[in-house]
Student: 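The structure is given below, and queries will be raised subsequently.
All of these numbers come straight from a predicted model, not from anything done at the bench. Chain A is the first sequence line, chain B the second, and so forth, proteins listed ahead of strands; every chain is numbered from 1.
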2 protein chains.
Amino acid sequence: MPKQKTDILKAQTKTRAAAPKRQSSTAQLPTFNARIEGIEYGILDELTGYAVRRAQLSIYADFSASLGVYDITPQRFSSLVIVGNNPGISQTRLAEVMGIARSGVVAIIDNFEQAGLLERQDSGDRRSYNLHLTKEGQKQLEKYKLAVKEHDDRVSQQLSVKERQQLRALLGKLCIDPK
Amino acid sequence: MPKQKTDILKAQTKTRAAAPKRQSSTAQLPTFNARIEGIEYGILDELTGYAVRRAQLSIYADFSASLGVYDITPQRFSSLVIVGNNPGISQTRLAEVMGIARSGVVAIIDNFEQAGLLERQDSGDRRSYNLHLTKEGQKQLEKYKLAVKEHDDRVSQQLSVKERQQLRALLGKLCIDPK
DNA sequence: TATTGTTATACTCTATAACTATA
DNA sequence: TATAGTTATAGAGTATAACAATA
């Protein structure tokens with residue numbers, strides 16, 4: 001088994017402040033920043049990267065407002081979905097998928113394990129764990145998914161279904177090496 | 001004049017580690033994460049927000065690799081461009097544009113001022129400053145712009161000019177309240 | 001009283017490096 | 001030796017709240 005964690009450390013999980021709750025997908029968007037009147041953005045308006053960044057900030061603000069009550073961030077939500085869709089995945093592999101260091105997933109998994117949403121199960125190799133959602137984890141994840149879909153629909157409400165697909169397709173072609 | 005800052009505090013600016021330099025717009029993309037083979041992404045593939053987030057992470061990685069040598073981040077670059085295009089802007093207004101707290105811009109401006117790229121000039125109101133780029137700041141900004149354009153072109157190289165415009169237009173429609 | 005810039009403080013996220021227990 | 005998970009630590013980034021100077 002991997003190095004045993006002390007109970008003291010396991011106990012010191014931080015509770016985060018709950019954000020104000022949002023009501024429905026028709027509720028007003030916070031629209032964090034986006035575009036300030038009377039400001040010249042110059043070259044920024046021509047950059048793909050700035051457009052993505054600006055969108056990401058606005059989306060993040062709405063995500064936080066929508067799921068803060070559940071103590072869920074985009075990062076945490078993604079972790080749950082990945083584990084849910086790839087049962088038995090290891091922490092190292094999860095770190096790779098999330099694009100963060102291995103050390104970073106420890107806290108994430110600790111947190112979900114303590115909340116009873118996720119389990120570290122034995123793998124053949126005693127150095128590693130197989131990650132699985134618990135029944136409760138699956139149940140909670142379904143709840144989160146509904147909230148995230150509501151959030152995502154609200155954020156994308158000015159786009160048709162076709163445009164949303166188009167947008168995802170265009171985004172997916174970024175940072176691709178032609179080889 | 002606003003509260004005077006101590007020289008001690010002014011001196012303790014942090015130097016950041018320079019990232020490895022990149023060569024040209026045809027160089028290989030780091031493509032940070034994007035999409036890991038053999039992983040099921042489930043609902044994440046249907047979400048606008050996740051597509052934006054994933055793109056943003058990849059772009060950020062390339063930006064850092066491209067401009068890390070100059071100690072420039074997207075945030076810092078945006079600040080310079082905004083000040084350059086809106087000479088005389090106040091710190092509070094800049095904070096509003098950047099979507100961060102007023103306290104956050106202090107360090108950013110301190111840093112640029114110490115580097116001689118930017119000046120805090122007197123405004124009519126003695127509580128506030130007018131921010132201006134120095135000659136050196138304008139010169140450096142032009143250099144950064146070239147590097148950022150190269151980076152942005154590399155990141156968008158799989159998209160035609162028309163597709164890039166389309167992408168920016170679609171992103172611009174996100175998080176808009178129909179009212 | 002209100003506003004601008006500033007400071008102090010704290011919290012989150014992340015990376016690096018060293019450590020342990022296994023392989 | 002190499003790998004998986006863990007820990008310690010440090011550095012950005014950000015927010016909140018309080019403060020001084022000024023309006």
Student: Quick test of your reading: applying salt bridge (Lys or Arg N to Asp or Glu O under 4.0 Å), list the pairs with at least one residue in residues 130-143 of chain A, sequence neighbours left out, ordered by first then second residue.
Tutor: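 Every pair satisfying salt bridge (Lys or Arg N to Asp or Glu O under 4.0 Å) with a residue in residues 130-143 of chain A: A:E142-A:K145.
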Student: State which residues pass side chain to side chain donor-acceptor pair (under 3.5 Å) with B:Q91; sequence neighbours excluded, sorted by chain then number.
Tutor: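 Applying side chain to side chain donor-acceptor pair (under 3.5 Å) to B:Q91 gives B:R120.
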Student: Classify the nucleic acid contact of B:S103 as base, sugar-phosphate or nothing, counting any heavy atom under 4.0 Å across all strands shown.
Tutor: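 Base, at least one base heavy atom under 4.0 Å.
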Student: Could you please name the option among C:dT4, C:dA23, D:dT22 that lies closest to any side-chain atom of B:T92?
Tutor: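 Nearest listed nucleotide: C:dT4.
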Student: Would you kindly give the CG-to-P distance between B:D122 and D:dA21, to the nearest whole Å?
Tutor: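 Rounding to the nearest Å, CG of B:D122 and P of D:dA21 are 17 Å apart.
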Student: Using whole Å, report how far CZ of B:F63 lies from P of D:dA12.
Tutor: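 In whole Å, D:dA12 P lies 16 Å from B:F63 CZ.
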Student: Go through D:dT6, D:dT22, C:dA23 for me and flag the one nearest to the A:D125 side chain.
Tutor: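 Nearest listed nucleotide: C:dA23.
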Student: Taking all heavy atoms of A:G84 and all of A:P87, pick out the closest pair and write down the distance.
Tutor: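 Taking A:G84 first and A:P87 second, the nearest heavy atoms are O-CD, 3.7 Å.
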Student: Determine whether any donor atom in the side chain of B:R127 lies under 3.5 Å from an acceptor atom in the base of C:dG5, or the reverse, and answer yes or no.
Tutor: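 Check fails, no donor-acceptor contact within cut-off.
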Student: Parallel, tilted or perpendicular: which one describes the rings of B:F63 and B:H151, with boundaries at 30° and 60°?
Tutor: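 The rings of B:F63 and B:H151 stand perpendicular, inter-plane angle above 60°.
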Student: Report the C-alpha distance between A:S78 and B:R53 in whole Å, list the side-chain angles of each, state the deciding distance to 0.1 Å, and finish with yes or no for side chain to side chain donor-acceptor pair (under 3.5 Å).
Tutor: CA-CA 11 Å; A:S78 300; B:R53 182 180 147 78; 4.5 Å; no
Student: Please give, in whole Å, the distance from C:dA8 P to B:R102 CZ?
Tutor: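 Rounding to the nearest Å, CZ of B:R102 and P of C:dA8 are 16 Å apart.
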Student: Is the shortest side-chain N/O distance from A:Q75 to OP1 or OP2 of C:dT12 below 4.0 Å?
Tutor: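 It does not, given that no N or O in the side chain of A:Q75 lies less than 4.0 Å from OP1 or OP2 of C:dT12.
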Student: Could you check how far CD1 of A:I89 sits from P of D:dA4, rounded to whole Å?
Tutor: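 Spelled out: CD1 on A:I89 to P on D:dA4 is 12 Å.
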Student: Nearest whole angstrom, please: distance from the P of D:dA21 to the CD of B:Q91.
Tutor: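 Distance check: B:Q91 CD to D:dA21 P gives 17 Å.
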Student: Nearest whole Å is fine: how far is D:dG5 P from A:R126 CZ?
Tutor: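 Taking atom P of D:dG5 as the reference, CZ of A:R126 is at 15 Å.
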Student: Provide, to the nearest angstrom, the distance between the CG atom belonging to A:N111 and the P atom belonging to C:dT12.
Tutor: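 Rounding to the nearest Å, CG of A:N111 and P of C:dT12 are 10 Å apart.
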Student: Name the closest nucleotide to the B:S128 side chain, picking from C:dA23, D:dA4, C:dG5.
Tutor: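 Nucleotide nearest to B:S128's side chain: C:dG5.
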Student: Can you check the B:M98 CE to C:dG5 P distance for me, whole Å?
Tutor: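 Distance check: B:M98 CE to C:dG5 P gives 15 Å.
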Student: Which nucleotide sits closest to the side chain of A:A101: C:dA23, C:dT16, D:dT16?
Tutor: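 Nearest to the side-chain atoms of A:A101, counting from C-beta on, is C:dT16.
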